[in-house]
2 protein chains.
Amino acid sequence: MPDRNLPPAMGAPDDRVRRRLTLQDIADAAGVSPGLVSMILRGQSGPSAATAAKVTEVAERLGYRPNRTASQLASRRTQLLGVTSTPGNPYHGELVEEILSRTNDRGYEVLLSPVTRTHEEVGAIQTLVDSRCEVIILLNTTLEPGRLEKALDGLPAVVVGPSVDLPTVDVVRTDDSAAVTMLVEHLLELGHTRIAHVDGGDLYLPRTRREAYEAAMVRHRLSPLVVSGGETEDRGAEAADEILGTSDSTAIIAYNDLCAIGIMDSLQKRGVRIPEDISITGFDNNRIARLHGIALTTIDPLKLEQARRAVDCAIERVDQGRTQRVIHEFPPHLIVRATTAQPKARASRRVMAARRAIDT
Amino acid sequence: MPDRNLPPAMGAPDDRVRRRLTLQDIADAAGVSPGLVSMILRGQSGPSAATAAKVTEVAERLGYRPNRTASQLASRRTQLLGVTSTPGNPYHGELVEEILSRTNDRGYEVLLSPVTRTHEEVGAIQTLVDSRCEVIILLNTTLEPGRLEKALDGLPAVVVGPSVDLPTVDVVRTDDSAAVTMLVEHLLELGHTRIAHVDGGDLYLPRTRREAYEAAMVRHRLSPLVVSGGETEDRGAEAADEILGTSDSTAIIAYNDLCAIGIMDSLQKRGVRIPEDISITGFDNNRIARLHGIALTTIDPLKLEQARRAVDCAIERVDQGRTQRVIHEFPPHLIVRATTAQPKARASRRVMAARRAIDT
DNA sequence: ATGAAAGCGCTAACAC
DNA sequence: GTGTTAGCGCTTTCAT
């Protein structure tokens, strides 16, 4: 048997990772068995207070930190709660903060898996599954149920945002249809009739909102105008050009706040004033929407409550072994700020100029 | 020996985690040994093409996913690159996105550890260390070198932002002093003399900027005015009130963009116009600063280059075993937008009114 | 080229 | 109470 005080002569494939203290080291130093040390360090009852004190002191003094990888493997529990989110999205940021604080002291650690252009959602979920998270929370997943189910590989999950119909997946969401209807009617009341929608792309959640928009428009005997957009500012900006160049809409319902902000930015860059020339609405009520310089009329989805509920759902699944599906729908709130107003009788010179600039 | 096709009758402490396929299962199904399967699935040379094909096919068909925990334990490598970041901070979001795309296909997986009010930085680092990341990237760490060194527990790291003097810690940063000096001189050129600074709190990085501000002011024979702020909007908003109530500054240099945005928001809420009544500058050039409704004059720290460089540094440490410290300093760029302008000869009625409102 | 066997550091059952 | 033992699922020798 090799001397345990030395770095392993062999076995370690390389020495990039320096040897760390093990349970055995602490056991040796305290003159007890590894098993005992394990129990004590995890605060299990059984060991006497005297040995517990000694072992704790030794571990502390030597600066021992348990190898989580090993303990996960042995206990077949990771106590990990996976979360997928998009780092740049302030709405996700707020949700993540609340998820963290809600998870605090519940015995779970949160593992964040980023979703970006270069690191797509299936991969992000894969990482969480491979890391053996016990349950996963998905923020605004863009996956179809089929692909989602495959990616989850049987793990229970809770989806915040879209309504996914899978037995192992709980849903925490806003009533999107009601929300979009509120938006349409808010604009209608202001006097708008030419209301366009910049959607979030051909994905699950965006589809719900788009359909709600179309239904609401038709219900009011108006013709819907859908322009394809996306979830980010840049996609919104592109869509803004398209609307300006091809329609005479006086109001735009954007898929979400980020998209709306991109639209506003692009429009303002072209000299169009908001809301004097064109009204804009968002969805999410993120921290940017609340700024005075932006003051976006939007939908507040009670995100803090949603985050908390998502954590509760997730933990119920693992701790109480709930297997039945739960759906939690929150009522949307319309927040009217400064980006919506009555339309002008006819398009302003500014808008005409902006249109002309695009056509060329 | 228990039937391997059944969930383990005992041994599993509970059945919250359902049994997943193991290497052994694949080996059995393919009629080879687990060792072989391992080699094949990791693409090692050695096994014959024929068996490789067969094993791959079986693994694929059965939907096998290796248990990363186990492989980490056995190989003593995690191939994990840890990153601490604050989810709500858009500047961090941009850095993280770039870090991810730069890490792509370099054989490392990124583990994100969130830092928030309820989940502080030492804990976030701890999590990364316990998860046995091989190297860590810290975004704008607020820790003193002493505490940082202890938290890292010997792991190599690279800090983006502050200048930390530790042999195992590389530094990627902007020249903060030069940047702040540019800001002061920009305002000076516009004609401001009563320039206040809202700092980022009593932390490492904020200190650098505050000292640079003070030095620049003194150099120009002006008296500095420092108001304590923080890294977030709310702290900026509080500081704005203090400045408005106790000074007659015509310009404010905020610790960073987020803080500046909080200041702007609070000021505008009180009827103060920017930049007509008061000029504001930020630091970071985050995506919000770029919006037309905000148009914040700020410092661009070349964040994409910084992110890329940080990843390179980190990977050099582990892959090439570099142990010598590297410091990379990027030149700051002043971005003049719409929040800075010439000061008025005397305070406007709006400012007076706002002041009076605060005093009461 | 393949199989057998010995761990990685820990946990959990079981003796004592 | 405490120590011993047998794995967890994988990687990596070392035989064959």
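Each chain gets a letter, A, B and so on, in the order the sequences are listed, and its residues count up from 1.
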note = 5'-most contact on DNA chain C (nearest-nucleotide basis), B:Ser33 vs B:Leu73, goes to B:Ser33
key: First of B:Pro47 and A:Pro34 reached from the 5' end of DNA chain C, by closest nucleotide   = B:Pro47
query = Is there a side-chain polar atom (N or O) of B:Ser48 under 4.0 Å from OP1 or OP2 of C:dT2?
reply = yes
request  = Taking only the side-chain nitrogens and oxygens of B:Arg42, find out if one of them lies under 4.0 Å from OP1 or OP2 of D:dT12.
outcome  = yes
I need the [atom1]-[atom2] distance between [X] and [N], as an integer number of Å.
X: A:Arg68; N: D:dC8; atom1: CZ; atom2: P; value: 23 Å
X: B:Met39; N: D:dG9; atom1: CE; atom2: P; value: 22 Å
X: B:Tyr64; N: D:dC10; atom1: OH; atom2: C1'; value: 7 Å
X: A:Ile40; N: C:dC10; atom1: CD1; atom2: P; value: 14 Å
X: A:Leu41; N: C:dT11; atom1: CG; atom2: P; value: 8 Å
X: A:Arg77; N: D:dG9; atom1: CZ; atom2: P; value: 15 Å
X: B:Leu21; N: D:dG9; atom1: CG; atom2: C1'; value: 12 Å
X: B:Leu23; N: C:dA6; atom1: CG; atom2: P; value: 18 Å

task = For the pair A:Thr142 and A:Glu121, evaluate side-chain hydrogen bond (donor to acceptor under 3.5 Å, both in side chains) and give the outcome as yes or no after the intermediate values.
result = CA-CA 8 Å; A:Thr142 59; A:Glu121 191 172 358; 2.9 Å; yes
query = Rounded to the nearest 0.5 Å, what separation is found between the CG atom of A:Leu111 and the OG atom of B:Ser131?
reply = 7.0 Å
With respect to the side chain of [X], which nucleotide from [options] is positioned closest?
X: B:Val32; options: D:dC8, C:dG3, D:dG1; result: C:dG3
X: A:Leu36; options: C:dG9, D:dC10, D:dT2; result: D:dT2
X: A:Ser75; options: C:dT11, C:dC10, D:dT12; result: C:dT11

query = Using a cut-off of 4.0 Å on non-hydrogen atoms, how would the nucleic acid contact of A:Thr51 be classed: base, sugar-phosphate, or nothing?
reply = sugar-phosphate
inquiry  = Taking any heavy-atom pair under 4.0 Å as a contact, classify A:Gly35: base, sugar-phosphate, or nothing.
reply    = base
ask   = Is a side-chain donor-acceptor pair under 3.5 Å present for B:Arg77 with B:Gln79?
value = yes
request  = Please determine which of A:Val58, A:Ile26, A:Asp28 meets the side chain to side chain contact (heavy atoms under 4.5 Å, CB included) test together with A:Val37.
outcome  = A:Ile26
ask   = Is the number of heavy atoms from other residues, nucleotides or ligands within 6.0 Å of CZ (B:Arg147) greater than 12?
value = no
